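To start, the structure itself, in structure tokens.
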Amino acid sequence: MTEERAAGKPTDGTESHDPAFPEAFLSFMRQGWRDSELAVSALPASANHAARRAALSAAFPGETLVVPTGNEKVRANDTAYPFRPGSDFAYLTGDLEPDSVLVMRPNGSGHDATLYMRPRSSRQNDEFFRSRHGELWVGRRPTLAEKSTELGLPTADLAELEVTLADLAPRRTRVLRGFDPRVDAAVRPYDGPRADGQPARDRELAIAISELKLVKDEWEIAQLQEAIDATVRGFEDVARVLPADRGVSERLLEGVFALRARHDGNDVGYGSIVGAGEHATTLHWVHNHGTTRPGDLLLMDMGVENRNLYTADVTRVLPVNGRFTALQRQVYDIVHASQQAGIDFIKPGVEFREVHRTCMRVLAEGLADLGLLPVSVDEAMDENSTVYRRWTLHGFGHMLGIDVHDCSNASKEKYREGTLDEGYVLTVEPGLYFQPEDELVPEELRGIGIRIEDDVLVTASGAVNLSAGLPRAADEVETWLAEQREAGPRLPS
């Protein structure tokens, strides 16, 4: 029994409260429609997606691989959130539609890949005007042939998936689980769950895809640069409407950036963090219900996700009135020096954790200069102490790509305990945060939070800052903010 039928919901895409249409109306709706074809061509990156599938095929010879994209999620009652495809599925196919499932079946020399998808709503029944999946409700979907041409990938009707999955042998099948309940239920795990709840064989599939994603190809780097360039424009938009002499809502600034993200890309890559004053000390401040104040700092951690789902992740801190105070500048300069040390250290072959230690040592030295460390810098940096982390809280950065926290299923040996390689893209984002309630810091420091974050590509010769279009040094930030304000507000064009 399907979940929809078990829940008492219609399975044809209609709703229980839909009217019982008279036959005269139904007959009239079925007549007089001109057919149309979409002018489709192969996506520029279809060869890249095929190469990724080939690499995944080589990792699991003789086994069937099932990768779903996921379904729309209910926002309230019968309305859904905007659909965002599963990242691993999109990475392997380029398809952005909900409900689709990639099935890769072994053929002796590799795998035959088939995309199971919901095809264009048929005019042979009433789906096209009665179903919530019908094109009069959601727009024209591609036919199976059109989608196959676009992706360079054989396609099949999603209605055939149930039979296909029922035919798979569990001990020779791996499933990317947690995205589609229908798929999870249809393919019984061959082995028991690990400590993280995932069956071991399926977990190995998730790990393999994440580790493939560590090295970005040229097309992916171009996508990231596009998203980052749009993010730079978004920060400029916000700076142009940020008053120096009065407060405005954090949500106003969030909305201005969101306009750029929707116009130039798909959406924001994650919930925008707009923290005025002491809100900057909350790492994931996404309530954004505060107000800026002249004399305070404004921390903004925001990124545009482009239309192929690659996202930027950039943080800047602005002095609302246009100038850092002496104390604000002192803290800002410590964070900037830490970030620069990390960027300078990055190159192929260096250990990820050593980039972290490089950034953290500069922060610890700065905390010592501020008179805050209760021990020496060396003692604070010792793994049995790390007391400096009271004010740094998080690591130096993370991988970036089709997810804001990309490659998160990669093994620790390849990621956190691994070495950097050419083609990696990662953030460098050290910070210092002095909580308003922290009685171990002077009162004048309480409520100051500063993070500077950039998106960095690892090349053979070292790090390239892809988000260098936004200034980082304190003097440059002040000059840039003044220039944006002088230019004035603009609408995306």
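Predicted model, so just to flag it, every value in this text is computed and none were measured.
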So the salt bridge (charged side-chain N to carboxylate O under 4.0 Å, His left out) pairs with at least one residue in residues 458-467 (sequence neighbours excluded) are none

Quick note, salt bridge (charged side-chain N to carboxylate O under 4.0 Å, His left out) partners involving residues 250-273, not counting sequence neighbours, are Arg233-Asp264, Asp237-Arg260, Arg260-Asp264

Backbone of [Y] reached by a side-chain donor or acceptor of [X] within 3.5 Å:
| X | Y | answer |
| --- | --- | --- |
| Asp313 | Gly303 | no |
| Ser210 | Asn409 | yes |
| Glu236 | Leu481 | no |
| Thr79 | Arg75 | no |
| Thr358 | Glu354 | yes |
| Glu478 | Phe324 | yes |

Residues 367-378 vs side-chain hydrogen bond (donor to acceptor under 3.5 Å, both in side chains), sequence neighbours excluded, gives Arg361-Asp378

Partner residues of [X] under the side-chain hydrogen bond (donor to acceptor under 3.5 Å, both in side chains) criterion, sequence neighbours left out:
| X | value |
| --- | --- |
| Arg472 | Gln339, Gln340 |
| Arg53 | none |
| Glu97 | none |
| Asp88 | Lys213 |

Working to the nearest 0.5 angstrom, can you tell me the gap between [X] [atom1] and [Y] [atom2]?
| X | Y | atom1 | atom2 | result |
| --- | --- | --- | --- | --- |
| Arg485 | Leu242 | CZ | CG | 4.5 Å |
| Leu426 | Cys407 | CG | SG | 10.0 Å |
| Tyr91 | Ile402 | OH | CD1 | 9.0 Å |
| Glu417 | Lys412 | CD | NZ | 5.0 Å |
| Leu393 | Arg389 | CG | CZ | 8.0 Å |
| Ile450 | Ser338 | CD1 | OG | 12.0 Å |

Residue pairs passing the ring-ring contact (aromatic ring centres under 6.0 Å, His included) test with at least one member in residues 346-370, sequence neighbours excluded, are Phe352-Phe396, Phe352-Tyr415

Applied to residues 243-269, the ring-ring contact (aromatic ring centres under 6.0 Å, His included) test, sequence neighbours excluded, yields Phe235-Phe257

Looking at side-chain heavy atoms only, is the closest gap between Val238 and Met300 below 4.5 Å? yes

Sequence neighbours excluded, which residues qualify as ring pair (Phe, Tyr, Trp, His ring centres under 6.0 Å) partners of [X]?
| X | answer |
| --- | --- |
| Trp480 | none |
| Phe89 | none |
| Tyr270 | none |

Nearest heavy-atom pair of [X] and [Y]: which atoms, and what distance?
| X | Y | result |
| --- | --- | --- |
| Pro85 | Asp95 | CB-O, 4.2 Å |
| Val320 | Arg293 | CB-O, 3.6 Å |
| Leu363 | Val335 | CD2-CA, 4.1 Å |
| Ala364 | Leu373 | O-CD1, 3.3 Å |
| Arg451 | Ile273 | NH2-CD1, 4.2 Å |

- Message: Pair Lys216, Asp421 - check salt bridge (Lys or Arg N to Asp or Glu O under 4.0 Å), show working.
- Response: CA-CA 10 Å; Lys216 271 60 181 178; Asp421 202 354; over 6 Å; no

